[in-house]
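Heads up, the thing below is written out as structure tokens.
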2 protein chains.
Amino acid sequence: MPSAGEDMDTWIEQDRTDRKSDADRARTVPDTGTLGKAVAVLDVVARAERPMRFRDLREAIGQPPGTLHRQVSNLISEGLLQVNPDHSYGLGLRLLQFAARAWSGNRFREIAEPHLAALHEKTGETVHLGVLSDLEVIYLDKVESRQAVRMHSQIGNASPCYCTGVGKAALSALPPEDAWARIARVDFRRHTEHTLTDAAVLGEELADIRAAGIAFDREEHETGIHCVAAPIRSHDRSFVGGISVTAPSYRIAMAQLERWADDVRAAAAAINADIEIRLGPRA
Amino acid sequence: MPSAGEDMDTWIEQDRTDRKSDADRARTVPDTGTLGKAVAVLDVVARAERPMRFRDLREAIGQPPGTLHRQVSNLISEGLLQVNPDHSYGLGLRLLQFAARAWSGNRFREIAEPHLAALHEKTGETVHLGVLSDLEVIYLDKVESRQAVRMHSQIGNASPCYCTGVGKAALSALPPEDAWARIARVDFRRHTEHTLTDAAVLGEELADIRAAGIAFDREEHETGIHCVAAPIRSHDRSFVGGISVTAPSYRIAMAQLERWADDVRAAAAAINADIEIRLGPRA
DNA sequence: TAAGTTGTTCCATATAGTGGAACGTCGTTT
DNA sequence: AAACGACGTTCCACTATATGGAACAACTTA
């Protein structure tokens, strides 16, 4: 919408420019057509902090009411979306059903499971398994002593790749050009005072991580929490991820994390070997 | 495909009949167009026992190769599907991400949580929370003593509505016509020797359940496992579900389940009251 | 190497999605 | 209580998008 001060022509010109850059993007980013628009709706609902009503979706998506209404209706019919009693939208239960299968059927997770347990046994701290999904890390599994905290809260959760141990480890396992390409698209947000917020700096750290085979998160994502991580990958690097040992910094010093580095590296190496054997090119 | 003995005309006639009944169904079942076809692919992958390659999908879906290929490509681009190293398909990690939000954002689950814990405290046995999704029960939560069995395996899983305690409880909370309509669409499969496999019998039992406010699963789904369940519902019955206490029959007798019935009923009543307060029409 | 199977790309056609506008419906205001 | 306005829903001509046959590429098996 043009602000009061601008004249109409300027705004229209602006609009043309936007359309052009959209078209440019369409050439590089694969167009997923109708499906893409549908999952965009799901994404808005998933990422929303406050309850979203129809009007809110309309603003967030920018589709005309008739169109959006049909998209939403279809999503509801398919069980991917549901309407709460207060007319706000929530994600549908069908997604839970799909996710249960996605999780139990995931070979990566299945292979890593015993190694995560062993690593937890050795360190006594929380162990994570995550894989890189575009610019985010999605946590596939978690082993911790105190089961009091419900594990659901973590599995499936996504965190940024540039400020988590698993994320940086995963990036380091990518071909460097690919890693740079992704870093270039990162929207750096400062989560703590230690968060890296510069693509160049992150790129250099990746080189170090690649050389050492170990990544550290020095309270870059959450104050008071640090971790040591190592990369895991499929043979052709179509999947990259990482495992990590996470601990509160008040209880576990960085020096201890560094002492665990070898164990983490060894566990990751064992997982990679298993992956090679069970998912490898000649499997 | 026509079997060797049939002649071609008979088979074609058969085919025409099928098409007609498909068209009839299309009038009653809402058409979700392109989206529906996409999730049909996800569903096939999700329900598949063995790994599915492109050819297998083609057989299961019945789409021409070009079309199916694009649908699959789009799903992959959106992260809803992924290709395993062996060229078989698996559900994508984006689904895990969505499910994590669907779960943590579910008001129903949130409200029921403390009541489930209390019921577990009282009985010492496994407590489930499930909601009805068309003809299946999807388990939203689970409280059990031995955390040895990973809880992921259960959350999000779907079970038939006609042979589970939660399922029958949920059906009993529906308006009777709605319950009958769903029962009519059930594809009864005998899971154990006690499984109800007749719509009329199930309908009658629902009347009893409605009167008693309690449903039993007498080893109808799995031999050696029985449970006592009670219905929960949203104020307008747009959601119906149930809670249950489940136990192995070798250790807990039916008589004990019957003794727990009051506790289960009370817990369900408490949840329903909370729902009324926090999600009710005047909330 | 050849033959066969499995998967991918292309393009004219038909179908399904689009969005403006007109219509209900509910909650708020005078 | 009536009127207004905001929010959501339905409808339909138009057009963008999905479709699927066919030709092509890649990978397996004989």
Side-chain angles (χ1 to χ4, degrees), chain A residues 1 15 19 22-23 25-27 29-42 44-45 50-78 80-90 235-236 238 280-283, chain B residues 19 22-23 26-27 29-42 44-45 48 50-78 80-90 235-236 238 280-283:
Chain A
M1 201 188 286
D15 186 49
R19 279 163 191 273
D22 276 358
R25 221 173 304 156
R27 243 166 267 143
V29 173
D31 180 19
T32 52
T34 307
L35 179 67
K37 291 165 195 163
V39 314
V41 172
L42 290 182
V44 166
V45 173
R50 45 178 192 139
M52 300 286 271
R53 296 202 323 290
F54 189 87
R55 185 68 200 287
D56 304 312
L57 284 185
R58 195 164 141 39
E59 274 175 25
I61 309 269
Q63 297 269 26
T67 300
L68 180 60
H69 184 264
R70 184 181 33 73
Q71 289 168 342
V72 164
S73 300
N74 286 342
L75 285 168
I76 291 172
S77 296
E78 289 296 337
L80 304 181
L81 205 63
Q82 44 185 226
V83 280
N84 296 324
D86 64 347
H87 293 282
S88 67
Y89 292 101
H235 68 103
D236 61 352
S238 55
R282 314 236 157 268
Chain B
R19 279 162 192 273
D22 276 357
R27 243 167 265 147
V29 173
D31 180 20
T32 53
T34 307
L35 179 67
K37 292 166 196 165
V39 314
V41 173
L42 289 182
V44 166
V45 173
R50 39 165 202 156
M52 299 286 270
R53 295 203 323 289
F54 189 88
R55 183 70 200 287
D56 304 313
L57 285 184
R58 194 163 143 40
E59 273 176 24
I61 310 271
Q63 297 270 24
T67 301
L68 180 60
H69 183 264
R70 185 180 31 73
Q71 289 169 341
V72 164
S73 300
N74 286 341
L75 286 168
I76 291 172
S77 296
E78 290 297 337
L80 304 180
L81 205 61
Q82 44 184 228
V83 280
N84 296 324
D86 65 346
H87 294 281
S88 67
Y89 293 101
H235 68 101
D236 62 352
S238 55
R282 313 236 158 268

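Below, each value reflects all heavy atoms present in this structure, side chains not excepted, and no hydrogens, waters or symmetry copies. Below, read A as the first sequence line, B as the second, and so on, with proteins coming before strands; counting in each chain starts at 1.
- The distance between atom OH of A:Y89 and atom C1' of D:dT9, rounded to the nearest whole Å, is 10 Å.
- For C:dG7, the OP1/OP2 oxygens have no side-chain nitrogen or oxygen of B:R55 closer than 4.0 Å.
- You'll find a donor-acceptor pair under 3.5 Å spanning the side chain of A:T67 and the base of C:dG19, going by distance alone.
- Panel note: side chain A:R53, backbone A:Y89; no donor-acceptor pair is recorded below 3.5 Å.
- Whole-Å rounding puts the B:D56 CG to C:dT6 P distance at 9 Å.
- Atom CD1 in A:I61 sits about 12 Å away from atom P in C:dT18, given to the nearest Å.
- Place A:F54 and A:G33 on DNA chain D by their nearest nucleotides, and A:F54 ends up nearer the 5' end.
- At whole-Å resolution of the value, CD in B:E59 and P in C:dT6 are 9 Å apart.
- No side-chain donor-acceptor contact under 3.5 Å links A:T67 to the backbone of A:Q63.
- Atom pair B:H87:NE2 and C:dT5:C1' shows a separation of 14 Å (rounding to whole Å applied).
- For the pair A:H69 and D:dG8, the criterion of a side-chain N or O lying under 4.0 Å from OP1 or OP2 is not met.
- Looking at B:S88, its side chain never comes within 3.5 Å of a backbone N or O of B:N84 through a donor-acceptor pair.
- Residue whose closest nucleotide on DNA chain D sits further toward the 5' end, between A:G66 and A:K37: A:G66.
- Using modelled atom types, no side-chain atom of A:N74 and backbone atom of A:Q71 make a donor-acceptor pair closer than 3.5 Å.
- Taking 4.0 angstrom as the limit, B:T34 places a side-chain polar atom (N or O) nearer than this to OP1 or OP2 of C:dG17.
- B:I76 has its CD1 atom 8 Å from the P atom of C:dT8, to the nearest Å.
- Between the CG atom of B:D86 and the C1' atom of C:dT6 there is a distance of 15 Å, given to the nearest Å.
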Problem - Derivation and outcome, side chain to side chain contact (heavy atoms under 4.5 Å, CB included), residues B:M52 and B:V44 - result: CA-CA 9 Å; B:M52 299 286 270; B:V44 166; 3.5 Å; yes

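- Applying the 4.0 Å criterion to OP1 and OP2 of C:dG17, one finds that A:Q63 has every side-chain N and O outside that range.
- Residue B:R58 contributes atom CZ, which lies 11 Å from atom C1' of C:dT6 at whole-angstrom precision.
- Relative to the side chain of B:R70, the nucleotides D:dA18, D:dT17, C:dT8 differ in distance, and D:dA18 lies closest.
- Contact annotation: A:S73 side-chain N/O to D:dT9 OP1/OP2 distance is not under 4.0 Å.
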